[in-house]
Protein chains: 2
Amino acid sequence: MATKETKRRGRPRSFDRETALEQAMRSFWEQGYEATSISDLTRTMGISAPSLYAAFGDKRALFGEVVTEYGRVYGGFLSRAVAEEPTARRGVERALREAAAEYTLPGRPRGCLVISAALNTAPASAEVAESLREMRLANVRDIQRAIAADVASGALPATTDAAALAHYVGAVMQGMSQQARDGADRATLEAIAELAMRAWPRTAGEKRTGGGEGEGVREKRKKETGPRPGA
Amino acid sequence: MATKETKRRGRPRSFDRETALEQAMRSFWEQGYEATSISDLTRTMGISAPSLYAAFGDKRALFGEVVTEYGRVYGGFLSRAVAEEPTARRGVERALREAAAEYTLPGRPRGCLVISAALNTAPASAEVAESLREMRLANVRDIQRAIAADVASGALPATTDAAALAHYVGAVMQGMSQQARDGADRATLEAIAELAMRAWPRTAGEKRTGGGEGEGVREKRKKETGPRPGA
DNA sequence: GTTTTTCTGTAGCGAGCGATACAGAAAGCG
DNA sequence: CGCTTTCTGTATCGCTCGCTACAGAAAAAC
C-alpha cells in the first residue's frame, strides 16, 4: 500500500485523512447513508465542505471508502470465522458469538453498518442500497459455501439444505443487528446466538447438549477469499 | 366507529380518504418514512398537497394513521397467532409461517412496515423511529408473555429463559423481513421459519421430528389484547 | 337566489440539502 | 525572491424538502 508518496507539492492538508474517515464512518454507522447530511459530516469530521469534497470526492465516494474501511476494521469477523474454523458449524457459532459482542461494544455505534446503513433509501440512493445488499448476499453465499463443503465431506447430513441454513444464519445475524439497535444488550444477543445454534443439523449419533462436534473435517480450512464485512 | 356523520357542509372531498391512505401506506412501506417525500405522496395518492394536509394533518400524523391501518389490516398476524393458539410454540410456529407468506405476497411491498419503515432516521424523525421501536418491543413482550405462561403451566421446561426465547423469535422475524426485502422468496423464508423452530425447547420425553406437541395447555387461550402489528 | 362552509389548485414560503466558485493561505520548486 | 501547486474558509449555487397563503369552486343552509 503506497499511502505516502515522496513529498507532495502545495499546501499540505491540515487534517488527518484517516481520522476524518473514521469520524465519517461513525456518522454513517449511527444514522445511515441518507440521514447523514454533508453538514453532519463536516461537523463531526471537523473540516469544511470544500475540504471534504477535495479529499473524498462526493458523499457517495466517501461512503464507499467508509464501507471499505468498515469491512477492514470492524465487519470482517464473519468471513474470518467461516474461513478460519475447521467446520461450518464452528465458524457460524463463532461468528454469531462475535456478532453479539461486536454489535454491542461500548464506544461505537450498535449493530452492523452493512446491515443497517442503507435501508429505506429514496430512489436517488438506490445504487448505494444495492451495493450493501450485494455485500449481504455475498456473506450468505460465503456461509452457504462452507455448509455445502461440510455436507460434501459428511460433517453435515446429506439432507441438509445448505442454502436454507445459510439464509437462516444470515437472518439471525440481521435480526441480532436490529435488536442491538433497538437496545438489546450483549447478554441478550449471546442468548439469541446460542438459541440459534440449537437449530443446527445434527448427524445421526449426535448428543444434544455439550459442545457437540460431529465433524469430519479436522484440519484448518483456509480460504483464499479475503475478509468481507457485515452480514 | 362513526365514519360518516349526518351530512357535512361545504364542498365535499373529491377523493376517497381510505384509498388515499392505502396508497400512502404503500409508499411508506416501500421507501420508509423519511425517504418518502410529500411530493411522492401527493403523486401516488393522486391529490394535491393542500388536500393532503387538510385531510391528514401533516406528514407525521399521516404516517401515524398509516401505521394504525397497517396494524389493522396487515401486521396483526403475530399478535393474533400468539393470542389464538393454545401454546406459545404453536403461536410462534404459526406466526413465523404466516410471516414467510405475508412478507413475500405479490402485489404489495415486501417485509414488514413496522420493522423497516423508520430505520436510519435523522434526529428530526427520532420520535417516529421511537414509536415503531416500541411497537417492536411490545411484540417481543407479547411473545415473552405467552412463553412464560407455558413455562408456568409446564408446557415448556422450567429452565426456559422466556425473555431470551422471545428475543430470539423477534430477531428471526426481523431477519426474515430483511431477507424478504433483499429478495428472498417465500420458500426461502419458510425454510428459515422451519429451521428457527428447531431451536424451540423440548420437554423431557419429546421426539425430534414430526409436528411434536408436548403441551400441557389444551383449551384455546384467548387474550384480551387486540392485534398488534409487526415484529 | 344569497350566505356560509369546506375543499381544490396554483404558487410560493423559509430551510436544509448536496455540491462549488472564488480568493486567499501555505507549502515546494526554480 | 517569484511561480506553481494545493488546500482552506466564506459565501453561495440550484434544488428539494415539509408546509401553507390565497383565491376560486362546490356543496349545504338560509
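Throughout, protein chains are lettered first and strands after them, A, B, ... in sequence-line order, and every chain is numbered starting at 1.
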Tell me whether [X] is salt-bridged to [Y], with the criterion being a basic N under 4.0 Å from an acidic carboxylate O.
X: B:Glu194; Y: B:Arg97; result: no
X: B:Arg26; Y: B:Glu22; result: yes
X: B:Glu127; Y: B:Arg60; result: yes

Base D:dA25 to side chain B:Arg11, donor-acceptor N/O within 3.5 Å cut-off: yes
Given DNA chain C, 5'-ward residue of the pair A:Pro50 and A:Ser37, judged by closest heavy atom: A:Ser37
Ignoring backbone atoms, test whether [X] places a side-chain nitrogen or oxygen under 4.0 Å from the OP1 or OP2 oxygen of [N].
X: B:Ser14; N: C:dC7; value: no
X: B:Ser39; N: D:dC17; value: yes
X: A:Ser48; N: D:dG9; value: yes

Rounded to the nearest Å, what distance is computed from the [atom1] atom of residue [X] to the [atom2] atom of nucleotide [N]?
X: B:Asp58; N: D:dC17; atom1: CG; atom2: P; value: 17 Å
X: B:Tyr53; N: D:dC22; atom1: OH; atom2: C1'; value: 17 Å
X: B:Leu52; N: C:dT8; atom1: CG; atom2: C1'; value: 13 Å
X: B:Ile38; N: D:dC15; atom1: CD1; atom2: P; value: 21 Å
X: B:Phe56; N: D:dG18; atom1: CZ; atom2: P; value: 16 Å
X: B:Phe15; N: C:dT6; atom1: CZ; atom2: P; value: 15 Å
X: B:Arg13; N: D:dA28; atom1: CZ; atom2: C1'; value: 16 Å
X: B:Asp40; N: D:dC17; atom1: CG; atom2: P; value: 7 Å

Expected output: side-chain B:Arg181 to main-chain B:Gly111 donor-acceptor under 3.5 Å: no
Minimum-distance nucleotide to B:Arg9 side chain [options: D:dT8, D:dC19, C:dT4]: C:dT4
Candidates C:dT10, C:dG18, D:dC19 - which lies nearest the side chain of A:Lys59: C:dG18
Touch class at under 4.0 angstrom, heavy-atom based, for B:Thr36 against every strand present: sugar-phosphate
Touch class at under 4.0 angstrom, heavy-atom based, for B:Ala49 against every strand present: base
Mutual orientation of the aromatic rings belonging to A:Phe28 and A:Tyr33 [parallel < 30°, tilted 30-60°, perpendicular > 60°]: parallel
